[in-house]
Amino acid sequence: MTSHPYERYVAVGDSQTEGLGDGDERQGYRGWADRLAEILAVGHPDFTYANLAVRGRLAEQVRDEQLGPALELKPDLATVVAGVGDLVRPGYDAARTARAVEEMFAELTGAGARVVTVTFPDIGRIAPLARRAQPRVIDLNARIRAAADRHGVLVLDLFPQRFTADPRLWSRDRTHASPVGHARIAAGVADALGLTGYADWARPLPAPAPVSALGGAAQEVRWFARAVAPWVRRRMSRVRLPGAAGGGRGGHSAKRPGLDAVTLPEPERA
């Protein structure tokens, strides 16, 4: 049993918090927020959890669509992770994005919730071809940390963690965490909350099989062809992503809109 004071956990955000990369459309997505809720539910029969996150949402959309419902649920614990979708779009405004995140920090902490956020990892190490976006990540992380300091928000800082460059922590698109990555983020948030037993969340994975320089270059090309090029084509043709700005909800909605008890997963067989 993990000792903690929380009974009502509400998660807000976009596709990472929804859990993409950890499951599928048919069986549903788990993700780090679900995994954190499972950690917190052990030995706490009155613990409840809601996940309002919806894929494709920009920071201002998360604020406008999810903050009000989150406050109505009166959480004593909330996680706010938003903004990564903003920084890869044309017309990105760092100040507006950070302001939307800070407004969520202010409202939720003002309502008495313990709030936790997560910074974005060093994408230059995850996908070398994405290094051009690295200055935006560094700047947005700095803004989020400063806002967190102003409102007493706990921060799980992924950016300096070198283990996040391990490709096994990421799904094929290198945008969403893999099941292993989601589990590590959940453990990191648990550690940030002071729960015992999660201090090794950032330990390196066992050494992978070596990859030649040619093989590494081939991986980059495949990632660009499968993930980046289709995204660019959609932008150029103005085809909106499901749930993107101005594109409606695209059939997607919060998977756990109300506070419910957490069903713990079956123990994994050895």
Side-chain angles (χ1 to χ4, degrees), residues 9-37 49-70 73 78-92 96-97 100-101 104 116-121 123 126-127 130 133 136-137 140 144 158 169-183 185-186 189 223 226-235 237-258 260:
Y9 166 35
V10 177
V12 300
D14 53 25
S15 57
Q16 284 285 14
T17 302
E18 184 182 345
L20 268 65
D22 189 8
D24 55 41
E25 292 291 336
R26 184 172 59 87
Q27 296 184 343
Y29 294 101
R30 190 179 179 189
W32 67 265
D34 285 21
R35 291 172 179 269
L36 175 64
Y49 161 57
N51 189 323
L52 309 182
V54 179
R55 70 193 71 176
R57 293 301 190 261
L58 306 181
E60 289 183 334
Q61 292 175 306
V62 174
R63 178 199 62 199
D64 295 345
E65 299 171 8
Q66 300 175 29
L67 178 58
L73 295 173
T79 53
V80 177
V81 182
V84 70
D86 298 69
L87 62 83
V88 297
R89 291 172 180 263
Y92 166 64
R96 284 184 61 177
T97 298
V101 174
M104 289 186 277
V116 188
T117 193
V118 182
T119 63
F120 305 114
I123 60 173
I126 298 167
R136 289 185 175 186
V137 175
L140 182 57
I144 289 173
L158 291 184
L169 270 66
W170 302 98
S171 59
R172 288 174 59 181
D173 65 11
R174 303 191 195 177
T175 300
H176 301 98
S178 67
V180 173
H182 278 287
I185 295 170
V189 176
W223 167 72
R226 292 171 178 172
V228 179
W231 186 89
V232 172
R233 285 196 296 270
R234 287 194 293 269
R235 292 292 131 217
S237 62
R238 299 184 182 276
V239 175
R240 293 184 174 96
L241 293 171
R249 292 189 178 274
H252 299 295
S253 58
K255 65 181 181 180
R256 292 179 67 101
D260 293 305

By the definition side-chain hydrogen bond (donor to acceptor under 3.5 Å, both in side chains), identify the one residue from K255, R30, H176, R55 that meets it with E18. R55
Return the minimal non-hydrogen interatomic distance between V12 and A53, and the atom names on each side. C-CB, 4.3 Å
Distance check, rounded to the nearest 0.5 Å: M104 atom CE versus E60 atom CD? 9.5 Å
Would you check if Y49 and D260 make a side-chain contact, meaning some heavy-atom pair closer than 4.5 Å? no
Minimal non-hydrogen separation, P257 against L73, with atom names: O-CD1, 3.9 Å
Does R89 use its side chain to pair, donor to acceptor, with the backbone of G85 at less than 3.5 Å? yes
Is there side-chain contact between Q16 and H182, with heavy atoms separated by less than 4.5 Å? yes
Would a 4.5 Å heavy-atom cut-off, applied to side chains only, mark N51 and Y29 as touching? no
Can you name the closest pair of heavy atoms from T79 and L36 and give their distance? CG2-CD2, 4.4 Å
Could you tell me the separation between the CG atom of D64 and the CG atom of L58, rounded to the nearest 0.5 Å? 10.5 Å
Closest heavy-atom contact between A82 and V62? CB-CG2, 4.1 Å
How long is the span from the CZ atom in R256 to the OH atom in Y9, to the nearest 0.5 Å? 10.5 Å
Of all heavy-atom pairs linking A50 and G258, the shortest is CB-O, 3.4 Å
Once you round to the nearest 0.5 Å, how far does OG1 of T175 lie from CG of L20? 10.5 Å
Test your reading of the model: is there a side-chain donor-acceptor pair from D22 to the backbone of A177, 3.5 Å cut-off? no
Using every non-hydrogen atom in the two residues, find where A186 and R35 come nearest and quote the distance to one decimal. CB-CB, 3.7 Å
Nearest-0.5 Å distance that lies between atom CZ in R136 and atom CG in D86: 10.0 Å
Is there a donor-acceptor pair under 3.5 Å between the side chain of Q27 and the backbone N or O of D24? no
Is there a side chain to side chain contact (heavy atoms under 4.5 Å, CB included) between V189 and V118? Walk through the geometry before answering. CA-CA 8 Å; V189 176; V118 182; 4.1 Å; yes
